[in-house]
Amino acid sequence: MDMLLANKIENVKENIKNWKKEGLTIGLVPTMGALHKGHMSLIKKAKETADKVVVSIFVNPIQFGPNEDFEKYPRTLESDVNICQSLGVDIIFAPAPNEMYGENTLLSNNNLTYVCPPYNVVDMLCGKSRPGHFDGVATVVLKLFNIVQPDFAFFGQKDAQQLFILKKMVKDLNINIKIIGCPIVREKDGLAISSRNIYLSEAERKKALSISQALNKIEQLYKQGISSVDILFDTAVSILDKDIDLEYLEFINYDTFIRTQKAEKNTLVAIAARVGNTRLIDNIIL
Ligand code: AMP
C-alpha cells in the first residue's frame, strides 16, 4: 500500500479497522512535525516493532501557553511527507486543529474534557514554567490513542517528563497500549536534536553545546563516585556558557519523580535553559 496522508479522523479509522480485521499490529509515533533524526529513530523503532506505522503530525494548540511559539513553530509538511515515505510509514495523520477540537477557538477546561496528570509530577521541571502544558499533551495523546488504537506508541527520552507522565497515564487509566521510550538522538558534537534548534544563530548554537557538555560532566563525575547533588550541580553550572539563562537543573528519582539529593542509578538529570530566545531541554539518566 502507498503511504496515506490523511487529515480526517474518519479516514484514519477506516484503515485501522481493516488492519485490525487482518490481525495486524499498529505502532503510533506522535509528533509535531518538522521531522528530524530524533523523530526518524522513533519511526524506525516503530517499523521494527509493529506491522503498520502511523505518524501523527499535529502542532497541538492546547499544549502551548499564550506567550509561547505556537504560531512560530516550524511547519514543514512537504519534507515531513518525504521523510515518512522513505521510512515506509503507512499513514501520516496530519489534522487541522478544528478536526481535533471542533470549532472551539478558545480551548480551555470550560469547554473541553482534559486529562490531568498528577500535580506533583506536573508541578516540576517544564511543568512549572509551562502551566497547563502537560494537561494539553496528555489530552491530545489520549485522543490520538483513541483514534489510532495502536498496540505500541513511541516517545523520545528527550522529553523525559512527558514520557514519565504518559507511562503513568496509561497505567492509571488502564489503557492497553505499550509505551516505548527511545534514546535521545544527538548531533555529532552532542547537541540534542530538536525542531527548535533552527531558531539558534551560529553563535547561540555554540553556546547551546555547553548544555550537553554540562550533563556529560555530571555523568563522568558520577561514574568516578561523586554522588552529592550539590557538587554535581555546581560543577555543571560552571560549565554552562555564561550567556545561557538556566531555568532548571534538577536531579529526580526517575522511578518516583521525586527530587533527590543523592545521585544514584536511575536518577534523571534534567536541564532547561534559554539560549537567546530559544528554550532548550536535555537530560541524562544515570
Ligand atoms: P515533538 O515533535 O518535538 O513533539 O517530538 C515528537 C517525539 O519525538 C517526542 O516523543 C519527542 O520526545 C521525540 N524526540 C524529539 N527530539 C528527539 C531526539 N533528539 N531524540 C529522540 N527523540 C526525540
Side-chain angles (χ1 to χ4, degrees), residues 4-17 26-35 39 42 53-78 80-81 84 89-119 121-123 126-150 153-156 159 161-170 172-177 179 194-196 279:
L4 174 71
L5 173 57
N7 50 26
K8 294 278 175 255
I9 292 172
E10 279 318 308
N11 213 342
V12 175
K13 280 191 165 173
E14 238 173 64
N15 281 270
I16 300 287
K17 215 163 106 188
I26 299 165
L28 171 66
V29 182
T31 81
M32 298 204 297
L35 300 184
H39 301 112
L42 269 53
V53 173
V54 179
V55 173
S56 62
I57 296 180
F58 183 55
V59 185
N60 174 32
I62 69 166
Q63 72 186 67
F64 285 80
N67 299 316
E68 293 183 357
D69 58 347
F70 174 69
E71 303 291 344
K72 203 180 115 189
Y73 197 84
R75 289 164 172 86
T76 60
L77 189 61
E78 208 179 303
D80 294 349
V81 167
C84 287
V89 168
D90 296 284
I91 297 181
I92 296 181
F93 176 45
N98 64 4
E99 180 68 9
M100 292 296 272
Y101 298 117
E103 297 302 328
N104 290 329
T105 45
L106 277 175
L107 291 160
S108 74
N109 13 21
N110 280 328
N111 55 16
L112 186 72
T113 304
Y114 271 79
V115 178
C116 294
Y119 291 135
V121 180
V122 160
D123 265 355
C126 292
K128 224 172 176 177
S129 64
R130 305 187 74 187
H133 170 69
F134 287 114
D135 300 27
V137 169
T139 303
V140 80
V141 169
L142 183 59
K143 281 171 75 70
L144 290 169
F145 284 177
N146 286 331
I147 294 165
V148 177
Q149 295 175 44
F154 300 82
F155 296 90
D159 298 274
Q161 189 174 16
Q162 169 176 285
L163 180 58
F164 184 93
I165 285 170
L166 295 176
K167 280 186 173 164
K168 183 93 174 96
M169 175 177 86
V170 161
D172 291 350
L173 301 183
N174 306 92
I175 300 169
N176 197 16
I177 294 173
I179 302 283
S194 159
S195 305
R196 290 188 169 98
R279 183 177 180 277

Any sub-3.5 Å donor-acceptor pair from [X]'s side-chain atoms to [Y]'s backbone N or O?
| X | Y | answer |
| --- | --- | --- |
| D80 | G33 | no |
| Q149 | I16 | no |
| T139 | V115 | yes |
| H133 | Q63 | yes |
| K167 | I179 | no |

Kindly indicate whether the side chain of [X], heavy atoms from C-beta on, has any atom under 4.5 Å from the side chain of [Y].
| X | Y | answer |
| --- | --- | --- |
| H39 | F154 | no |
| D90 | V54 | no |
| L144 | L28 | yes |
| V141 | F155 | yes |
| F134 | C116 | no |
| F145 | I147 | no |
| V121 | K168 | no |
| L5 | V81 | yes |

- Message: Walk me through whether V12 and K8 qualify under side-chain contact (heavy atoms from CB on, under 4.5 Å).
- Response: CA-CA 7 Å; V12 175; K8 294 278 175 255; over 6 Å; no
- Task: Check whether NZ of the Lys or CZ of the Arg R75 lies under 6.0 Å from the centre of the six-membered ring of F58 and within 45 degrees of that ring's axis.
- Result: no
Minimum-distance pair of heavy atoms, taken over all atoms of [X] and [Y]:
| X | Y | answer |
| --- | --- | --- |
| N60 | G136 | ND2-O, 3.1 Å |
| N15 | N11 | ND2-O, 3.0 Å |
| L166 | A138 | CD2-CA, 4.1 Å |
| G27 | P150 | C-CB, 4.5 Å |
| Q162 | V137 | OE1-CG1, 3.6 Å |
| P95 | M100 | CG-CG, 3.7 Å |

Using 0.5 Å steps for rounding, measure from the [atom1] atom of [X] to the [atom2] atom of [Y].
| X | Y | atom1 | atom2 | result |
| --- | --- | --- | --- | --- |
| I92 | S56 | CD1 | OG | 10.0 Å |
| E71 | F64 | CD | CZ | 10.0 Å |
| L35 | T31 | CG | OG1 | 5.0 Å |
| L173 | I175 | CG | CD1 | 5.0 Å |
| E99 | I9 | CD | CD1 | 4.5 Å |
| Q161 | R130 | CD | CZ | 10.5 Å |

- Item | N98: side-chain contact (heavy atoms from CB on, under 4.5 Å) partners, not counting sequence neighbours | A96, E103
- Task: Verify side-chain contact (heavy atoms from CB on, under 4.5 Å) between Y101 and V140, making sure each step is shown before the conclusion.
- Result: CA-CA 10 Å; Y101 298 117; V140 80; 3.5 Å; yes
- Message: With a 4.0 Å cut-off on N to O distance, would you call R279 and D69 a salt bridge?
- Response: no
